[in-house]
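Predicted model only: the values in this text are computed from it and were never measured.
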Amino acid sequence: MKKRFFYFAVVWSIFLAGLLWKFDIRARLSAEARYGLEHVRVTVIEEGGGIAFDSFTDARRLDNHGNRPEVIDARQKGYGESLRYSDTQEEALRYYAVTTAGGNILRLAIASWVFSGILSRLAPVLLFCVLASLAAVVCAGRLADRLAAAFGRPRPDDAGVEGYSDADDERVFFVRKIETQREEIVRRHADMEEQTRMTMAITERMREGLVLLDKDGRVRLLNAGASAIFGARGVANKDVLYLCRHMEFLGAVRACLSGGREEALVELERGGRIYAAHIHPTHAGGMVNGAVILLRDTTEGRKAEEQRRQFSANVSHELKTPLTTISALSEMIGNDLARQEDVKGFALKISGQARRLINIIDDIIRLSEFDEGKTDRSFSSFDLGALARSVLDGLREKAQARGISLELRGDGVTMTANARMIDELLYNLVDNAIKYNADGGKVEVSFGVREDTLAVAVSDTGIGIAAEHQDRVFERFYRVDHARSQRTGGTGLGLSIVKHIVEHHKGAIALDSTERGTTVTCRFRRGFISEDVRPPEALPAGG
């Protein structure tokens, strides 16, 4: 190391000397040059040896110089010099002669004492340069010692660094330090890459959309979810305008980036889905340096909220109708406004409306149990044919009153499921088939196993359901014929309960209706298992 600083000191000395030359010595030399030129004799000698010009005396007084040694050499070789005594100046001179392009000889004569005079005048400057160089060497040595002390002395094992010997332990030590720093940089770079990979893996697996913007509103990160939501490709490092042109969304983003808002929530509709865009600015050093946008699909939540509102309105309406009837008839009887012979009829109507209220409330309670996951999840094995016959027997009198025949096709199937729910499912489907059937029609219950699927179907020969209503018949309180439903005592919740029962058993339900009748088919995996084992996957709806 000290060797290196010694080299540094030498270079520094040369540099310092250069500065002195530029700003001081050069000026001194210029002055000395002017001094020396005052004592330089210039003579121009013609080809024949005659004197054309002399700076010290009249040329006409000088004799022929063709025989001078320096002139002879200049004629022969183009250059000549000599040291001899001058009769003209009466002192020893050094002569320099050169041949010019015109054939003449240019000769300079300089007294010897001129050189020694110039050196004596420059001696202080040269001495200063020598002292400055010595000072630089001393300072460089002390600086090397201080640096070595600051970094600590080399350890014995540092001498084993490959490619270096023990002769220069400081160099080995610094190489060791540099290698340690390099390894630390490599390790930190690897850690950063690993963190980046983990972050990307997490964001790419997110169902939500994630967008990162810089302070200028350019897209820095766009995960797969956000890319699918916006349908955007190749927007990296582009303005957020290329991502979405929704004015409220863009305004909220600009407000957050400008520091005008700490957070913003904007609702977007993309591809028939509704998304909530949560926008939050990010900070660094107290300044906004970007924004994070999180997109959540709220479509199902909005639908559920809308269904709750509709359900509340429908419940109020459905309860109000029988309660109004009960209240009116009760007041008439209580105020002796009803004739004695009408009292019994009013009482029967009140009883009927009360039963309807109880049925509606029971159905609402059943649906709330499904919504809250409080349904009975205990499964048991039972004979599906025997259960279906029991349901048909319970409704046979109601069917016979309208001349409707009930038939059962299928036998020998053992089902593992919630028997009470399957009983309720069959009862609701057969009851609906009777209510909306034509007089003298037919209701058929069939079931069978194909591959791993158990299909249970209930068909009727009624008027059918129009195509525009078929997708909504499983909604709560939805009725195709409201007046007929009121006459038959339907609550509008039976098919909704049926759908929830099928979904509870991880099955699928489908409806096929024409003007010649309707068939509702429920499909289940054969051999259901109890709740402590993972239930089978849901089946797709349809044939």
Taking only residues two or more places apart in sequence, or in another chain, which ones meet [X] in a side chain to side chain contact (heavy atoms under 4.5 Å, CB included)?
{"X": "Arg68", "value": "Asp63, His65, Glu70, Val71, Arg84, Arg107"}
{"X": "Glu263", "value": "His280"}
{"X": "Asp297", "value": "Arg273, Tyr275, Thr299"}
{"X": "Ala52", "value": "Val44, Glu46"}

Do [X] and [Y] touch side chain to side chain, with heavy atoms closer than 4.5 Å?
{"X": "Val235", "Y": "Phe230", "answer": "no"}
{"X": "Tyr242", "Y": "Val219", "answer": "no"}
{"X": "Val253", "Y": "Leu213", "answer": "yes"}
{"X": "Cys522", "Y": "His505", "answer": "no"}
{"X": "His246", "Y": "Arg270", "answer": "no"}
{"X": "Phe56", "Y": "Thr43", "answer": "no"}
{"X": "Leu93", "Y": "Tyr95", "answer": "yes"}
{"X": "Glu47", "Y": "Arg75", "answer": "yes"}

Inset, instruction - Sorted by first residue and then second, give each salt bridge (Lys or Arg N to Asp or Glu O under 4.0 Å) pair with at least one member in residues 210-220; sequence neighbours left out. - result: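 Checked against salt bridge (Lys or Arg N to Asp or Glu O under 4.0 Å) - neighbours excluded - the pairs reaching residues 210-220 are Asp214-Arg218, Asp214-Arg220, Asp216-Arg218.
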
Inset, instruction - Determine which pairs satisfy salt bridge (Lys or Arg N to Asp or Glu O under 4.0 Å) with at least one residue from residues 221-244, sequence neighbours left out, and list them in order. - result: Asp239-Arg254

To the nearest 0.5 Å, tell me how far [X] [atom1] sits from [Y] [atom2].
{"X": "Ile274", "Y": "Glu269", "atom1": "CD1", "atom2": "CD", "answer": "6.0 Å"}
{"X": "Leu210", "Y": "Leu221", "atom1": "CG", "atom2": "CG", "answer": "6.0 Å"}
{"X": "Leu294", "Y": "His278", "atom1": "CG", "atom2": "NE2", "answer": "6.5 Å"}
{"X": "Leu295", "Y": "Ile229", "atom1": "CG", "atom2": "CD1", "answer": "4.5 Å"}
{"X": "Leu62", "Y": "Ile45", "atom1": "CG", "atom2": "CD1", "answer": "9.5 Å"}
{"X": "Leu241", "Y": "Leu250", "atom1": "CG", "atom2": "CG", "answer": "6.0 Å"}

Legend entry - Which residues share a side-chain hydrogen bond (donor to acceptor under 3.5 Å, both in side chains) with Glu193, sequence neighbours left out: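 Here the qualifying residues are His189.
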
Inset, instruction - Not counting sequence neighbours, which residues clear side-chain hydrogen bond (donor to acceptor under 3.5 Å, both in side chains) with Thr282? List them please. - result: Asn289

If you compare all heavy atoms of [X] against all heavy atoms of [Y], which two are closest, and at what distance to 0.1 Å?
{"X": "Thr521", "Y": "Ala455", "result": "CG2-CB, 4.4 Å"}
{"X": "Val288", "Y": "Pro281", "result": "CG1-CB, 4.2 Å"}
{"X": "Val266", "Y": "Ala252", "result": "CG2-CB, 3.7 Å"}
{"X": "Ala97", "Y": "Ile105", "result": "CB-CG2, 3.8 Å"}
{"X": "Val42", "Y": "Leu108", "result": "CG2-CD2, 3.6 Å"}
{"X": "Gly80", "Y": "Asp73", "result": "CA-CB, 3.7 Å"}

Inset, instruction - Kindly determine whether Phe524 and Thr453 satisfy side chain to side chain contact (heavy atoms under 4.5 Å, CB included), including the steps that lead there. - result: CA-CA 6 Å; Phe524 307 92; Thr453 303; over 6 Å; no

Partners of [X] by salt bridge (charged side-chain N to carboxylate O under 4.0 Å, His left out), sequence neighbours excluded?
{"X": "Glu194", "answer": "Arg197"}
{"X": "Glu208", "answer": "none"}
{"X": "Arg61", "answer": "none"}
{"X": "Arg187", "answer": "Glu184, Asp191"}

Inset, instruction - Check Glu81, Gln76, Lys77 against Tyr79 for a side chain to side chain donor-acceptor pair (under 3.5 Å) and give me the one that passes. - result: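 For Tyr79, the side chain to side chain donor-acceptor pair (under 3.5 Å) check succeeds only for Glu81.
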
Inset, instruction - Could you tell me how the ring of His504 sits relative to the ring of Phe379: parallel (under 30°), tilted (30 to 60°) or perpendicular (over 60°)? - result: perpendicular

Legend entry - Sidechain N-carboxylate O distance under 4.0 Å for Glu179, Arg176: no

Inset, instruction - Check for a donor-acceptor pair, side chain of Thr298 on one end and backbone N or O of Arg302 on the other, with a separation under 3.5 Å. - result: no

